[in-house]
Amino acid sequence: MIMLTSKSDSIPFYQPVGNEIALFEYAYNNQLPLLIKGPTGCGKTRFIRRMASRLGRPLFTVVEARKDTTVVLHPLADDRRILPIDRTGELLMAPAQFMLVISYNPGYQNFLKGMKPSTRQRFISLRFQFPQPEVERIILIQESGIEPSIAAQLVTLAGALRALKDHDLEESVSTRLLIYAAKLIKDGFPPVESCRSAMVETLTDDLETAHGLMEVVHAIFGE
Ligand SMILES: Nc1ncnc2c1ncn2[C@@H]1O[C@H](COP(=O)(O)OP(=O)(O)OP(=O)(O)O)[C@@H](O)[C@H]1O
Ligand SMILES: [Mg+2]
């Protein structure tokens with residue numbers, strides 16, 4: 001993903017979930033790099049976009065850093081704040097407003113497992129989880145325009161699916177998928193079918209697992 005925002009872009013909606021804004025601003029003001037971890041679709045990128053916009057900074061996103069690039073970042077990530085480019089012999093100096101942020105999904109991405117403590121310990125860290133139900137309802141309503149009662153049902157469904165322990169899913173249903181389901185429902189698709197397409201079939205190929213997840217959908221949306 002390559003993403004650029006500029007000051008003229010509209011401010012992305014972001015619903016805070018804890019002290020993350022204060023922590024990010026502290027890191028920015030103190031020239032500390034930040035590491036954000038959390039499951040897919042829980043709001044990490046949206047948060048970073050929101051903070052870039054709030055601080056009036058452009059955001060440059062780089063696709064999946066390779067393990068061998070992380071050591072190159074050492075002098076940039078500590079108080080030297082420089083990036084030597086071996087190939088050209090250049091020495092780039094980070095301006096005061098430059099901030100390095102890494103985000104990743106713990107668990108199935110072994111990127112950080114392979115990261116040396118000496119790299120890791122240059123960052124301060126922030127753990128994201130799925131938002132609390134009342135916060136996730138607000139996000140769903142804001143992002144999809146769905147009725148509050150349906151948002152509440154979708155968030156209850158997400159809670160039930162996330163609580164399932166005996167399934168073979170790598171990750172459970174994300175806020176992102178809940179928004180997909182909400183948008184389908186808003187656009188007239190029946191709730192059960194919306195949940196099947198936006199959640200269940202996206203989460204698993206295994207028929208038995210899909211069947212089990214659909215039972216939970218039926219329990220909440222009837223039909
Ligand atoms: N706190 C929040 N405020 C506003 N929107 C949110 C929030 N959390 C999640 N979202 C919504 O969920 C969607 C997915 O979030 P986002 O793209 O930030 O996930 P991510 O954590 O970066 O996932 P990945 O690890 O896959 O990159 C966003 O597009 C946004 O619509
Ligand atoms: Mg992301």
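Order of listing sets the numbers, starting from 1, for every ligand and every atom in it. All residue numbers in this chain count up from 1 along the given sequence. The structure displayed is predicted, hence computed values, not measured ones.
- The aromatic rings of F24 and F47 stand perpendicular to each other, their planes meeting at an angle above 60°, with 30° marking the opposite boundary.
- Residue G41 places a heavy atom less than 4.0 Å from ligand 1.
- In the vicinity of I139, heavy-atom distances shorter than 4.0 Å reach the ligand 1 atoms 1 (N), 2 (C), 3 (N), 5 (N), 6 (C), 7 (C), 8 (N), 10 (N).
- L126 and M51 end up in the same hydrophobic cluster when Ile, Leu, Val, Met, Phe, Trp and Tyr side chains are linked at under 4.5 Å.
- The F13 neighbourhood of ligand 1 comprises atoms 4 (C), with distances under 4.0 Å to a heavy atom of that residue.
- Heavy-atom contacts of Q15 reach the following atoms of ligand 1: 1 (N), 2 (C), 3 (N), 4 (C) (cutoff under 4.0 Å).
- In the vicinity of I179, heavy-atom distances shorter than 4.0 Å reach the ligand 1 atoms 11 (C), 12 (O), 30 (C), 31 (O).
- At under 3.5 Å, not a single nitrogen or oxygen of V17, backbone or side chain, sits near a nitrogen or oxygen of ligand 1.
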| Test salt bridge (charged side-chain N to carboxylate O under 4.0 Å, His left out) applied to E143 and K183, step by step | CA-CA 8 Å; E143 292 286 295; K183 285 182 173 167; 5.6 Å; no
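- Using a 4.5 Å cut-off between side-chain heavy atoms of Ile, Leu, Val, Met, Phe, Trp and Tyr, with links allowed through other members, V217 and Y180 fall into the same hydrophobic cluster.
- Atoms of ligand 1 found under 4.0 Å from any heavy atom of N105, numbered from 1 in the order shown, are 25 (O).
- A donor atom on one side chain and an acceptor atom on the other are not found under 3.5 Å apart for S149 and E147.
- Counting backbone and side-chain atoms alike, T40 contributes no N/O/S atom closer than 2.8 Å to the Mg ion (ligand 2).
- For atom 15 (O) of ligand 1, the nearest non-hydrogen atom from the set P131, G43, G18 belongs to G43.
- Proximity of C42 to ligand 1 is established by a heavy-atom distance of less than 4.0 Å.
- Considering both main-chain and side-chain atoms, T175 never comes within under 3.5 Å of ligand 1 through any nitrogen or oxygen pair.
- Classification of R162 and E136 as a salt-bridged pair holds, one side-chain N sitting under 4.0 Å from a carboxylate O.
- Here the closest non-hydrogen pair linking M99 and A27 is CE-CB, 3.7 Å.
- Contact atoms of ligand 1 toward E143: 30 (C), 31 (O) (distance under 4.0 Å to a heavy atom of the residue).
- Between E20 and R50 there is no salt bridge, since none of the side-chain N atoms of the basic residue sits less than 4.0 Å from a carboxylate O of the acidic one.
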